[in-house]
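Some notes on the structure that comes next.
Read the numbers this way: they start at 1 and go in the same order the structure lists the ligands and their atoms.
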Amino acid sequence: MRILSAALLYLSILFTAPTGTIIANAESPNPSSSSIPGFRDSAAESAVESRFLAVPDPKLAEEHLRTLTKVPHMAGTVEDKATADYVAQKFREAGLETEIVEYKVWINYPEEISVDLTAPAGATMHGPTREHVDNDPYQDDPRVVMPFSGMSPSGDVEADVIYANYGTPDDFDKLAKLNVDVRGKIVLVRYGQNFRGVKVFVAQERGAAGVIIYSDPADDGWRRGDKYPDGPWRPDTGVQRGSVGYMFEFAGDPTTPGIASVPSLPDSKRISPEQSAQVPKIPVTPLSYHDAWPILEHLGGPDSPREWQGSLPFTYHVGPGPSRVKMHLKQDYQFRTLWDVIGRVRGAELPDEWVVAGNHRDAWVYGAVDPNSGTAAMLEAVHGIAELLKSGWKPKRTLVFGSWDGEEEGLMGSTEWVEQHENELKNSPAYFNVDVAVSGPKFGVSAVPSLKQFVRDVTKVVPSPKGGTVYEEWSKASQPSPPGTTEASEGRRAPAAQVKNDVPVGDLGSGSDYTAFLQHLGVPSADMSSSGPYGVYHSVFDNFAWFKKFGDPDFVYEQQMARILGLEAIRMADADVLPYDYEEYGKEVVAYLETAKKRARDKFGDQAPDFTAVMNAAQSFERAGAKLLEKQKEMPHDSGRLNQVLLSTERALLVEQGLPHRPWYRHVIYAPGEYTGYAAVVIPGVNEALDKADAERAKQQLQVLATALERAAKVLEGY
Ligand SMILES: [Zn+2]
């Protein structure tokens, strides 16, 4: 996904250019010219890195992508298993210890899906219409799954329709102000701005009987540019599939929160899907704008607020009715098998410290961009590691590559594996994710603040297809646009607190496979992509033909991403002193607190909770981080003890009881938002209490946060 992953394209957040000057560091791409943070012998590390960087091959990446996306390969199908076998074979050829690991998870395939317009008289629509355009070589395969919503219950609903824009809490509040009552109605919302599961969660809270989610041409269709096959944007019949599961409650199999869903797990250890907080209670299904058109066109009632108007050629009204729709959804829910492919290279010195790199492999249909552009990049990274292994190199720490399954259904393959290996991952220095690795040329990263500088440093030695280094291109693209230009970013990166005069790195919310690593176990994580105009997300048209024409015709961005992913893993695995920056982390937390403090004052005035203690804790965390950074630069001989301190710091930010109402999420700084979905909610305990205007809870959560920050500062001071 990047479920969002993906697809966080749909965040539609304009990339807010940071204020302040970006230093375009004109560093040479020659890695031997500078010292590498964390290494005693930078020249030796540079030699290894140069050998690695020479290997990833655009032609081979193209072959991987062509093979992986030959047929549809949804999680749990025989075609999905075939892609697992392909990846396992490549891992083995590269010399990785390889296994295919199975999990048993509760997911749905669609059996019967129909949406009919039953009123007003004379208006007709029978959907969903099959996705089709002129001349797409992939669209007619009988294995293409009909558009549906993962995790939607079955159901038959007939009701008047109400249009609710993007389905945010604000949108529903506006409807209430217009005296439009959504109870018992079918709510029609458009994709964009938030995770689709959030739209459903809010609609369910407000009493809707069903939800239809459609793609408006304003958001990823012809309003943005030419539609496929003439351009990269969504054609009329293109539909965005996707899970509407409440992953912000917990990720992974809906019947096994917190435990691994191994095939041998007895049913008595599972909760029933009906009781699972992850499963929506109302039926949901997606439509194209071709099919949503007549429903919207026949809505009466008040004009919608002007900013709710999309790009269909009539005025959007909110209803209710006279458009009346009958939804008939019959889902085939079963326990189905997932296949993760795990490849390992045992560490020569610190085998119990696993540096993990991963990407999901399952796709709603062909998944050329999402996710197999990432798989092709990962396989070429592994190809580079293979050449290093042949030359006798061994990583200091263990390298693990994960090809996750069932990500689209709810981050399942990665989450179940993480839950199974909770103990082993207590010493994991990092998880590096790619999902939608390549949809165009614009590079972006999200990461925990301790890894932001590390990722910037890695990109300083990787060449850009445009010349110079990735870092240089990235810096240029991050410059504020000149006044008068209104270029919306295609990226899905939320703007982060800008505490460093350098290229901005975003915060991790949810939407891809780093979620369990970071937010459940506290493994420092990063996620990256190279993005461009991409309107075919989760449709049949996200296929090899699209990719070859619009995504990366020469596969040079694939090569770039393979190099960065591989280098992240190699450098982290071999570092003498772990290259984290806890000063930048502390500064970001202070910035988050300053923002929250202002919000609290706006909400509660004189009654606002006191931020003094938590601010002091954040500042001592920052100071301790700055001090330790100096020690890290000295490269002490007893780096084992220093590394142990560094490894323990992110984990000190976990709380055993988890966040209020959602114990699976244990990180006090980052979580997906219950009302934002993909986008990160920073210091979630505090900010969500402020969202709810709950001063008492805000006070408690400030205390929890202060204690965690003090604990983390103590860890840093312990060296
Ligand atoms: Zn994905």
D435, N/O/S atom nearest the Zn ion (ligand 1): OD1

Atom name of the N, O or S atom of H360 nearest to the Zn ion (ligand 1) is NE2

Validation row, ring centre W106 to ring centre F335 under 6.0 Å: yes

With sequence neighbours excluded, what pairs up with F443 under the ring-ring contact (aromatic ring centres under 6.0 Å, His included) test? W474

What do you reckon, are the aromatic ring centroids of W546 and Y534 less than 6.0 Å apart? yes

Can you confirm whether the side chains of Y86 and H64 place a donor and an acceptor under 3.5 Å from each other? yes

Of all the N, O or S atoms in D370, which has the shortest distance to the Zn ion (ligand 1)? OD1

